[in-house]
Amino acid sequence: MKSFLFTLLIAKLSLISFSGCQKATNDTKSDQPESTSGFFPITVWWQPTTVAAKYKNAGINVYITAEVLTANTLNNLRANNMKVICYQNDFGLQNLKDTLIFGWLQQDEPDNAQWNAVTKKYDPCIDPAIIIANYNKIKQNDPNRPVYLNLGQGVSFINYNGRGACKGNVELYKSAFGGYLKGCDIGSFDIYPVNSSYPEVQNNLWYVANGMDNLYNWSERTKPMWCNIETTQFGSNSPRKPTISEVKSEVWMALIHGAKGISYFAHVISPIFDETALLKDDTMMEALKNINMQIASLATILNSQNTSGFASLTSSNASIPVDIMTKNYKGIDYIFAVAMRPGETTATFTISSGTAVEVIGENRKISVVSGKFMDDYTAYGVHLYKIIK
């Protein structure tokens, strides 16, 4: 298994590059059906199930794994009350009543040029028709579970060279054109701005939000979308690992732009391959635990339908937009906000009702005066607000 993962991940590393991004908008929307579920998927990407307990302690509740599904795999996860998304096999089909099996996995990043171990060259991206045919086969075997498809960074960086001959062809993604997003029930993508060695993209965290917007637009908002988040310095060419605040910002950019699930990339690929590198970073693991606990505490709110028209804002620094998502759960209004660029700005919010604002997780309140309140943002800052009537 390690050898298999190593080959795939080295191929992935060799394709990493980024470029420009569309400007994010303020009043982001999701047309996904309302859910009252208190379960929000927080996953880790391709980790051995033997270390599931350590991830469970950090708030992970779903494994996405290339590990072959067996009784041992399920037992490792069952001991930690963890669900799994994995490749469909005979064992899985013989155990369809097992609720630990959350969903089925498609081939990773079919939109990228594909490494050919025989020719030592890259073949073209996978034809979307192949992905759709595989989706239909999986659904024929099990119509009751979602099929998960993770796409590459070309979702956000349109002119990504790693797509080879498919570079710039966004039609290959679009459901309406028989693209990749027609071959899944849950779409996802990965882009890791801090790890980028390209100056034009390095540290530009808003690529995360841009990719989420594209996924929803290309799928015509017909299905939930998830997002992969960087946590390590995973390659020899990576300038550095993300800071805790950067990881939090990427997570909330994804959520505010509609992510219905979060996954963490935990590997170091080179110079020495370590698939469980994240587990050796106690500081980051503790930070992820805090982020994940907050997400879990807000799960029913995050799963509810977005509202519109309750809040608007202006940023004192026009070069630093602040994006928001608004919710109303059990009669209480919420605003989740993130600065989309580094630097400092003050956001002035105008809201339809409320006398004060509780800043969730920060032990402070802000008064509302004449329907307005103000708050400061620095370095891709995140603030979560609960409106007090």
Side-chain angles (χ1 to χ4, degrees), residues 29-46 60-67 69 77 82-89 92-93 95-111 125-152 154-155 170-190 211-229 254-255 257-263 299 302-306:
K29 297 177 176 66
S30 171
D31 297 331
Q32 295 305 305
E34 181 174 359
S35 169
T36 57
S37 171
F39 177 82
F40 194 91
I42 305 172
T43 83
V44 65
W45 180 256
W46 281 13
I60 302 297
N61 53 32
V62 179
Y63 249 57
I64 301 176
T65 183
E67 190 172 312
L69 188 65
L77 296 173
M82 278 221 199
K83 299 180 183 296
V84 65
I85 298 174
C86 57
Y87 291 116
Q88 194 177 83
N89 64 1
L93 293 176
N95 290 272
L96 291 180
K97 292 183 179 181
D98 198 318
T99 57
L100 286 188
I101 304 174
F102 184 90
W104 303 114
L105 187 63
Q106 281 267 34
Q107 175 179 341
D108 186 39
E109 296 183 343
D111 54 323
C125 64
I126 302 297
D127 188 333
I130 295 175
I131 299 301
I132 294 170
N134 193 49
Y135 168 78
N136 291 334
K137 180 180 178 181
I138 294 170
K139 295 297 284 188
Q140 183 178 11
N141 291 337
D142 179 11
N144 299 316
R145 285 180 175 81
V147 176
Y148 175 94
L149 172 64
N150 184 63
L151 298 163
V155 166
V170 299
E171 309 302 317
L172 293 177
Y173 291 109
K174 296 180 179 180
S175 296
F177 289 85
Y180 296 114
L181 290 169
K182 193 174 181 180
C184 65
D185 301 302
I186 299 171
S188 177
F189 88 110
D190 54 62
M212 291 304 307
D213 291 345
N214 286 340
L215 284 178
Y216 276 113
N217 288 334
W218 295 339
S219 66
E220 300 178 319
R221 298 185 176 273
T222 58
K223 58 193 68 177
M225 299 296 162
W226 297 9
C227 186
N228 281 285
I229 304 295
L255 294 172
H257 282 255
K260 299 300 182 182
I262 294 293
S263 182
L302 289 169
N303 287 333
S304 68
Q305 185 78 343
N306 286 4

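For reference, positions follow the sequence shown, starting with 1.
Contacts of C227 classified as disulfide (SG to SG under 2.5 Å), with partners at least two apart in sequence or in another chain: none. Applying the ring-ring contact (aromatic ring centres under 6.0 Å, His included) criterion to Y180, with sequence neighbours excluded, gives Y173. Shown here are the side-chain hydrogen bond (donor to acceptor under 3.5 Å, both in side chains) partners of K139, two or more places apart in sequence or in another chain: D185.
Partner W45 forms a side chain to side chain contact (heavy atoms under 4.5 Å, CB included) with one of T65, D108, D190 and no other, that one being D108. V62 pairs with exactly one of F40, Y148, F39 by the side chain to side chain contact (heavy atoms under 4.5 Å, CB included) rule, that one being F39. The side chain to side chain contact (heavy atoms under 4.5 Å, CB included) test with I64 is passed by exactly one of I85, V44, V84: I85.
Remark: the backbone N or O of G258 is paired with a side-chain donor or acceptor of Y216 at under 3.5 angstrom. A donor-acceptor contact shorter than 3.5 Å links the side chain of K223 to the backbone of C184. A donor-acceptor distance shorter than 3.5 angstrom exists from the side chain of N89 to the backbone of L69, with no hydrogens or angles considered. Although no hydrogens or angles enter the test, the distance criterion places no donor-acceptor pair under 3.5 Å between the side chain of D111 and the main chain of L151. Counting only distance, with no hydrogens or angles, the side chain of E220 and the backbone of S175 share no donor-acceptor pair below 3.5 Å. The closest donor-acceptor contact from the side chain of E171 to the backbone of F177 lies at 3.5 Å or more, if one exists at all. Side chain of D142 to main chain of L93: no donor-acceptor pair is present (N/O by atom type, distance under 3.5 Å, no hydrogens or angles).
Taking both residues in full, the closest heavy atoms of I132 and G178 are given as CD1-O, 3.3 Å, listed atom of the first, atom of the second, then distance. Minimum heavy-atom separation, I131 to G183: CG2-O, 4.1 Å. Between I101 and G92, the closest heavy-atom pair is CD1-O, 4.1 Å. Nearest heavy-atom pair, Q106 versus L149, reported as atom, atom and distance to 0.1 Å: CB-CD1, 3.7 Å.
Put simply, the side chain of I186 does not reach to within 4.5 Å of the side chain of K260, judged on heavy atoms. With a 4.5 Å cut-off on side-chain heavy atoms, F189 and M212 count as touching. Side-chain contact between F102 and N61 is absent, with no heavy-atom pair separated by less than 4.5 Å. Counting only heavy atoms from C-beta outward, the side chains of Q88 and V147 never approach each other to under 4.5 Å. At least one side-chain heavy atom of L181 sits under 4.5 Å from a side-chain heavy atom of L215.
Expressed to the nearest 0.5 Å, how far CE of M225 lies from CG of N217 amounts to 10.0 Å. Expressed to the nearest 0.5 Å, how far NZ of K97 lies from CG of N95 amounts to 10.5 Å. In this structure, the separation between CG on N214 and NE2 on H257 is 11.0 Å, given to the nearest 0.5 Å.
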Quiz prompt | Audit row: Q107, N134, side-chain hydrogen bond (donor to acceptor under 3.5 Å, both in side chains) steps and yes/no | solution = CA-CA 9 Å; Q107 175 179 341; N134 193 49; over 6 Å; no
